[in-house]
Amino acid sequence: MTAAVRELLLSRIKDVPDYPKPGVVFKDITPLLADPEAFGALTEALAELCVRHGATKIVGLEARGFILAAPVAVRSRIGFVPVRKAGKLPGATLRQAYELEYGTAEIEVHAEDLAPGDRVMVIDDVLATGGTAEASLELIRRAGADVAGVAVLMELSFLAGRARLEDSLGGAPLEALIVV
């Protein structure tokens with residue numbers, strides 16, 4: 001990705017102070033999504049990563065990961081598989097629990113959507129603490145598929161998600177288009 005594209009993406013991400021609670025600066029990507037040039041550039045950059053790392057399927061993490069991953073899958077001409085919060089998918093699923101700052105959560109994927117031989121790229125908007133991404137990597141491997149990598153629009157480096165994912169990645173790349 002070029003420096004010009006990175007600057008375009010950064011210019012469309014709005015800082016919202018004290019949201020959702022005092023002291024937090026929320027990174028709002030909705031202005032980026034509303035700008036067809038910026039959203040197109042983001043889609044293209046993520047699609048290039050999928051091709052470079054040999055992905056045959058794309059997993060999008062609920063909820064903003066769906067918004068980014070679906071057009072990347074269309075652009076790359078490969079399948080899109082949603083990873084949802086527990087209880088949102090009908091039929092047979094694989095479920096994975098993970099730790100949150102205060103408690104636990106669970107995510108699911110349809111058991112038949114990933115298979116041995118698939119190379120899966122996980123796409124999300126932000127890498128924060130890495131809990132959801134780590135759980136998704138476990139789901140992918142439990143389904144018998146291989147991890148092609150993780151790609152995010154933005155990494156919040158001060159939350160150390162990259163360090164948390166190091167072992168779970170098993171040598172697969174973690175690509176962040178923007179690091180703050």
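Quick note: numbers below take in every heavy atom, side chains included, and nothing from hydrogens, waters or symmetry partners.
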For Y19, does the OH atom have more than 12 heavy-atom neighbours from other residues, nucleotides or ligands under 6.0 Å away?
no
Atom CZ of R64: over 12 foreign heavy atoms under 6.0 Å
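Open: at most 12 neighbouring heavy atoms sit under 6.0 Å from CZ of R64.
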Which pairs count as salt bridge (Lys or Arg N to Asp or Glu O under 4.0 Å) when at least one residue sits in [range], sequence neighbours excluded?
range	value
residues 130-143	E134-R164
residues 109-123	K57-D118
residues 147-162	E155-R162

Just do the side chain to side chain contact (heavy atoms under 4.5 Å, CB included) check on V81 and V109 with the steps written out, would you?
CA-CA 8 Å; V81 178; V109 67; 3.4 Å; yes
Should [X] and [Y] be regarded as members of a common hydrophobic cluster, given that ILVMFWY residues are connected when their side-chain heavy atoms come within less than 4.5 Å of each other, either directly or indirectly?
X	Y	result
V150	L177	no
V59	V152	yes
L137	M121	no
F158	I13	yes
I123	I107	no

Beyond-backbone contact of [X] with [Y], side-chain heavy atoms, under 4.5 angstrom:
X	Y	result
D124	L68	no
M154	I29	yes
L153	L9	yes

Cut-off 3.5 Å, no hydrogens considered: what does the side-chain donor-acceptor table look like for residues 32-49, sequence neighbours left out?
from: D35; atom 1: OD1; to: E37; atom 2: N; distance (Å): 2.8
from: D35; atom 1: OD1; to: A38; atom 2: N; distance (Å): 3.1
from: D35; atom 1: OD2; to: R12; atom 2: NE; distance (Å): 2.6
from: D35; atom 1: OD2; to: R12; atom 2: NH2; distance (Å): 3.2
from: T43; atom 1: OG1; to: F39; atom 2: O; distance (Å): 2.9
from: E44; atom 1: OE1; to: R75; atom 2: NE; distance (Å): 2.7
from: E44; atom 1: OE1; to: R75; atom 2: NH2; distance (Å): 3.2
from: E44; atom 1: OE2; to: R75; atom 2: NH2; distance (Å): 3.3

As an exercise, state the distance from [atom1] of [X] to [atom2] of [Y], rounded to the nearest 0.5 Å.
X	Y	atom1	atom2	answer
C50	E175	SG	CD	10.0 Å
E7	I178	CD	CD1	8.5 Å
E106	K85	CD	NZ	13.0 Å
I140	L114	CD1	CG	6.5 Å
L174	E166	CG	CD	10.0 Å

Looking at every heavy atom in both [X] and [Y], which two are closest together, and how far apart are they?
X	Y	answer
L169	P173	CD2-O, 4.0 Å
T56	I78	O-CB, 3.6 Å
G60	A69	CA-CB, 3.7 Å
L61	S136	CD2-CB, 3.6 Å
F66	P71	O-CD, 4.3 Å

Using modelled atom types only, decide if a donor and an acceptor are shared between the side chain of [X] and the backbone of [Y] within a distance under 3.5 Å.
X	Y	result
T93	A111	no
E62	P82	no
H53	V120	no

Electrostatic pair E108-R84, nearest N-O below 4.0 angstrom:
no
Partner residues of T132 under the side-chain hydrogen bond (donor to acceptor under 3.5 Å, both in side chains) criterion, sequence neighbours left out
Y98
Quick one: list whatever passes side-chain hydrogen bond (donor to acceptor under 3.5 Å, both in side chains) with D15, sequence neighbours left out.
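side-chain hydrogen bond (donor to acceptor under 3.5 Å, both in side chains) check on D15 returns K27.
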